[in-house]
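Notes follow once the structure below has been shown.
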Amino acid sequence: MKLASSQKQPQILGTLPDQNLSPSKNISPLGILPEDEVLFMESFNATITPYSSHKTIVDLFEEQVHRTPENIALIRHDFNLTYRRLNESANKLARYLIDAGVKRGSNVGLIAGRNFDMIIGMYAILKAGGAYVPIDPEYPADRQKYILNQSSASHVIIDTDYPGLNLKSDQKIINLNKAELEKIDSSNLKTSIKSNDLAYTTYTSGSTGVPKGVMIEHHSAVNLIEWVNNTYNIGSNDRVLFITSMCFDLSVYDIFGLLSAGGAVVIANHEEVVDISKLKTFFTKHKITFWDSVPTTMNYLVKELRSAKEPFVDNSLRLVFLSGDWIPIQLPDEIKNHFPNARVISLGGATEATVWSNYYEVDKLDPNWKSIPYGRPIANNFFYVLDEQLNAVPIGTIGELYIGGVGVARGYANDPDKTRHSFLQDSFNSRAGGRMYRTGDLGRMMPDRNLEFLGRKDSQVKIRGFRVELGEIENLLNKFYLVDQAVVIARTENDGHKNLIAFIVPKNESFDRKEILAYLKSKIPEYMLPAFLEELKQFPLTSNGKIDKQALSKLEISDPSSARYEAPQTEQQLKLAEIWKEILGVERVGIHDNFFELGGHSLMAVRMMTRLEREIGIHFPLSILFKYPTISSLLSSNEVKPSNMESQWKSLVPIKESGSKSPIYIIHGSGLNVLNFSSIAKFVDPDQPVYGLQAKGLSGVEDPLDDMEEIASSYIEEILEHNPSGPYAIAGYSFGGYVAVEMRNQLEAIGKKVKMLAIFDTNAVGSDHYRKWPHNMWNKIRSQGPKFLWIMKSLYSRPAITINYQKLLLSRAFNSAVGKLTGIRTAESNTFYTLVDKITEKHLYAFQNYNMMPFDDTVHLFRAKERIYFVNDFQYLGWRKYALKGVKVYEVPGDHKTMLLHPNAQEFARALQQALDNS
């Protein structure tokens with residue numbers, strides 16, 4: 001198998017413990033992927049393309065000056081500057097800088113307004129062999145001082161006097177208003193500048209609050225410029241509306257890219273950008289063809305155009321580049337309403353990888369998109385989705401995004417520790433620099449072979465003990481028809497609790513808090529719901545045009561009544577809330593909080609039921625939790641009384657009763673009850689009923705069954721009482737898969753139509769391997785070799801998960817042995833877990849004595865994508881031996897347990913609904 005690099009791929013893979021790992025010891029982590037995914041990753045990153053790697057930004061500009069000297073290069077208000085005059089001005093200033101002591105490799109600060117001098121200063125610094133360090137005149141004096149000192153800037157160019165500027169004694173100021181440049185030679189310089197020399201150092205916000213200086217070399221910018229100009233045919237007829245700060249890396253292409261192709265840079269100031277009438281004038285007067293901004297700025301523009309009295313349509317704009325933040329799903333279509341000829345390009349990357357590293361042209365919107373795809377790498381750039389051990393993860397699996405290729409920065413200025421942490425050896429590709437950048441972003445490869453961006457890794461917060469990704473909530477809000485744009489933050493209140501706050505700019509000034517909240521409740525668990533929904537007319541922005549989240553966090557919340565929390569008051573409410581807090585592991589429980597939406601599942605529910613019976617004297621069937629999942633509703637219900645216990649108990653539990661489609665009946669797994677199917681039921685079609693079947697004997701009144709045929713028959717009896725005519729969709733999870741097969745056989749035997757047999761991650765090989773040992777000793781012995789190798793490989797690629805699972809197995813075995821030998825159990829488990837153990841033993845006996853035979857039907861196998869334990873048949877889980885009409889496999893994200901839980905339940909439900917509708 002051939003890798004993108006020239007290195008050979010070893011059989012056993014490791015992590016990268018040291019950035020300085022020598023090439024001879026380099027270990028490629030692709031081997032944990034299936035062969036087809038390895039081949040795909042190679043083709044996905046096969047981006048090596050010839051470019052002018054020996055040239056500098058100066059070379060590209062001077063070549064263009066030679067081609068089109070009298071073309072207009074810069075426009076501001078009613079003034080313009082030709083390529084020739086721009087080049088001559090930069091040459092004069094460059095010679096002045098050299099005479100002032102600027103040398104090759106010097107960092108030179110540049111503090112200038114949005115004018116011609118700013119761009120002349122950039123080119124002059126580069127021509128003198130230095131690297132420019134852009135500093136906004138509006139920055140606080142302390143930040144300006146920090147950047148100049150931290151970058152070791154030897155000189156500072158200013159375009160006017162800045163009274164607050166505080167320099168070190170060895171830093172020289174060059175004031176363009178006072179510099180005498182007229183008599184200096186204006187011809188091109190003969191400075192020896194190399195393509196791997198530093199071009200600029202730009203400062204970005206750091207997670208510690210201290211800015212980081214990103215050092216970019218000439219050749220990296222040249223690659224970006226040539227890719228954009230060649231891909232989108234940028235030429236002398238193009239004009240970009242320059243609206244971003246020179247401190248924002250979008251300016252790198254806007255200035256140097258257009259001026260390498262003969263186009264013009266039309267400079268707008270901040271006041272003009274926020275004035276819609278002036279913006280419209282820019283488009284009509286200057287025939288703007290190229291727009292480059294963060295999505296927020298373009299969203300503001302189209303919103304203002306949409307609300308204007310007179311319709312505005314411009315046919316000149318042909319390219320819209322959007323990057324730097326989430327793109328609202330509806331924005332591309334709204335752009336084309338006003339700019340019908342515009343191609344909308346979504347770009348991503350990092351300042352540390354030279355502006356952009358990937359792109360996606362938004363042609364048509366897919367209604368299933370959660371966000372605009374991140375796309376594919378640009379020329380000579382590579383993208384990887386890796387786990388914590390720097391191994392590539394399978395398609396569809398979330399990991400951290402890493403960028404490789406020629407765009408990767410030299411590092412952080414004068415900060416070797418941060419550089420060492422963020423810039424690593426590229427173990428996948430030794431070409432194009434051989435280094436990669438750790439972005440801190442989360443993403444995954446989608447089935448259509450495009451990357452999906454999922455937000456910052458550090459934007460995850462903990463709410464009531466649960467990990468919440470703020471970007472997930474923002475995506476949902478931004479898709480809702482009443483929302484124009486939304487941002488979600490987590491804010492710590494005075495009492496120490498963290499609250500989620502959603503700031504929303506409504507669409508068409510229609511802010512319906514209740515409807516928005518109802519929409520969110522239908523999509524995400526309770527703990528992810530914002531405590532406050534706050535309306536804004538527009539978002540505060542940083543100087544780079546990004547949403548200022550720090551400013552949002554300081555805003556007063558105008559509507560505290562939007563919080564849903566209501567504290568428990570009565571003695572029973574307080575006691576029940578305390579039990580829920582301990583079992584769910586959350587900080588706070590209100591009387592209207594939903595047990596399942598707080599993260600409750602089957603084992604938690606049975607623990608809760610046991611403690612309620614012991615401590616409060618309430619006894620009820622677990623199925624009642626579906627009807628009454630809050631403390632308030634549960635304590636108010638008559639159905640929790642002991643007198644109702646025996647008469648109310650049934651195996652058949654309505655999880656979602658509404659809907660006219662044929663119901664699906666799902667048989668419990670080893671947890672014995674059906675509470676863990678609630679998440680799936682939430683995401684199937686509104687018209688799809690879902691029922692569960694919980695184990696006989698859980699009531700503590702009936703005896704559990706120990707015969708597979710009897711278990712299936714008892715469940716069928718209740719199904720027929722509920723739905724006499726059919727047809728029937730039967731599904732079984734784990735142990736329930738075997739029960740489902742037997743139910744299918746019995747229903748067919750009495751002439752009932754089974755429209756679908758679904759198996760939820762049941763290992764059919766287990767029906768052989770888990771029989772009483774004399775029957776299959778040889779099969780068990782034979783499987784130990786592959787099992788051992790699989791565990792070793794899993795231990796190597798996913799050590800934490802593998803170790804935790806093996807510890808769990810040992811713990812269970814130990815606790816079971818101790819319990820049997822000593823009879824000692826906790827007070828909580830005395831009542832319920834003794835009952836569970838009794839039923840489980842009966843079911844194990846039924847399973848070991850059940851002879852599953854091949855049957856004339858299709859199995860719809862819903863298989864967990866992540867496997868934390870060994871199976872003999874990873875593809876079909878052994879079902880091809882039994883399903884004579886074949887096995888249809890649906891891969892579901894998550895492992896055997898988490899496949900049923902949020903967020904995997906949504907994809908599971910979608911696949912299940914598709915199978916039901918097609919059966």
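Numbers here simply count residues along the sequence, with the first being 1.
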**Prompt:** Pairs in or reaching into residues 248-264: which pass salt bridge (Lys or Arg N to Asp or Glu O under 4.0 Å), with residues at least two apart or in two chains?
**Reply:** none

**Item:** Selection residues 280-299 - residue pairs positive for salt bridge (Lys or Arg N to Asp or Glu O under 4.0 Å), sequence neighbours left out
**Value:** D78-K285

Answer yes or no: is there a side-chain heavy-atom contact under 4.5 Å between [X] and [Y]?
X	Y	result
V108	Y132	no
S260	N229	yes
V58	N188	no
T351	T202	yes
K127	N87	yes
I158	I174	no
L451	M445	yes
I125	I157	yes

List in chain and number order the residues that pass side chain to side chain contact (heavy atoms under 4.5 Å, CB included) with [X], two or more places apart in sequence or in another chain; answer none if no residue qualifies.
X	answer
S236	N71
T47	P377, F382
N149	K145, K168, Q171

Using 4.0 Å as the upper bound for N to carboxylate O, is an ion pair formed by [Y] and [X]?
X	Y	value
R84	E88	yes
D415	K212	no
D161	K178	yes

**Asked** Could you give the distance from CG (N269) to CD1 (I243), rounded to the nearest 0.5 Å?
**Response**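 Answer rounded to 0.5 Å: 11.5 Å.
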
**Item:** Nearest-0.5 Å distance that lies between atom CG in L317 and atom CZ in R239
**Value:** 14.0 Å

Contacts of type ring pair (Phe, Tyr, Trp, His ring centres under 6.0 Å), residue [X], not counting sequence neighbours:
X	value
Y83	none
Y300	none
Y360	W369
Y402	none

**Request:** Evaluate the criterion side-chain contact (heavy atoms from CB on, under 4.5 Å) for residue pair E62 and R67; output intermediate values, then yes/no.
**Result:** CA-CA 9 Å; E62 290 181 348; R67 288 192 292 267; over 6 Å; no

**Message:** Go through it in stages, so that I can follow the logic: the residues are V344 and F339, the test is side-chain contact (heavy atoms from CB on, under 4.5 Å), and I'd like the CA-CA distance, side-chain angles, deciding distance and then a yes or no.
**Reply:** CA-CA 10 Å; V344 179; F339 305 99; over 6 Å; no

Would you say the side chains of [X] and [Y] form a donor-acceptor pair under 3.5 Å?
X	Y	answer
N381	N358	no
Q150	Y203	yes
N429	N45	no
D185	N91	no
D238	T289	yes
N177	D159	no
E180	Y96	no

**Fill in**
From the list Y51, W356, Y359, ring-ring contact (aromatic ring centres under 6.0 Å, His included) with W227 holds only for Y359

**Message:** Just to verify, which of Y200, F242, Y123 counts as forming a ring-ring contact (aromatic ring centres under 6.0 Å, His included) with F256?
**Reply:**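 With F256 as partner, ring-ring contact (aromatic ring centres under 6.0 Å, His included) holds for just one option, Y123.
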
By salt bridge (charged side-chain N to carboxylate O under 4.0 Å, His left out) - contacts of [X] (at least two apart):
X	value
R410	E217
R76	none
R343	E361

**Message:** For the residue pair R438 and F423, would you count it as a cation-pi contact if the rule is NZ or CZ under 6.0 angstrom from the ring centre and within 45 degrees of the ring axis?
**Reply:**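 Not satisfied by the 6.0 Å and 45° rule.
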
[Y] backbone acceptor or donor facing [X] side chain under 3.5 Å:
X	Y	result
T191	I193	no
S151	L148	yes
S89	R85	yes
S251	M246	yes
R306	N337	no
H155	G109	no

**Message:** Are Y437 and Y384, when compared by the centres of their aromatic rings, separated by less than 6.0 Å?
**Reply:**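 No - the distance between ring centres of Y437 and Y384 does not fall below the 6.0 Å cut-off.
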
**Request:** Could you walk me through whether Y162 and Q144 pass side-chain hydrogen bond (donor to acceptor under 3.5 Å, both in side chains), step by step?
**Result:** CA-CA 11 Å; Y162 293 103; Q144 292 179 346; over 6 Å; no

**Message:** The test is side-chain hydrogen bond (donor to acceptor under 3.5 Å, both in side chains); show your working for N223 and S220 and say whether it passes.
**Reply:** CA-CA 5 Å; N223 179 74; S220 299; over 6 Å; no

**Request:** Verify side-chain contact (heavy atoms from CB on, under 4.5 Å) between I267 and I75, making sure each step is shown before the conclusion.
**Result:** CA-CA 6 Å; I267 303 172; I75 300 172; over 6 Å; no

**Message:** Run K55 and E63 through salt bridge (charged side-chain N to carboxylate O under 4.0 Å, His left out) and show every step you take.
**Reply:** CA-CA 11 Å; K55 290 185 179 180; E63 289 170 1; 3.0 Å; yes

**Item:** Stepwise side-chain hydrogen bond (donor to acceptor under 3.5 Å, both in side chains) check, N414 with S152
**Value:** CA-CA 8 Å; N414 298 314; S152 301; 3.2 Å; yes

**Message:** Can you classify the ring geometry of W291 versus F283 as parallel (below 30°), tilted (30 to 60°) or perpendicular (above 60°)?
**Reply:**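 Answer is parallel, since the angle falls under 30°.
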
**Prompt:** Which word best sums up how the rings of F321 and Y232 line up, parallel for under 30°, tilted for 30 to 60°, or perpendicular for over 60°?
**Reply:** perpendicular

**Request:** From the options I216, V406, I378, select the one residue that forms a side-chain contact (heavy atoms from CB on, under 4.5 Å) with L224.
**Result:**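 That would be I378.
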
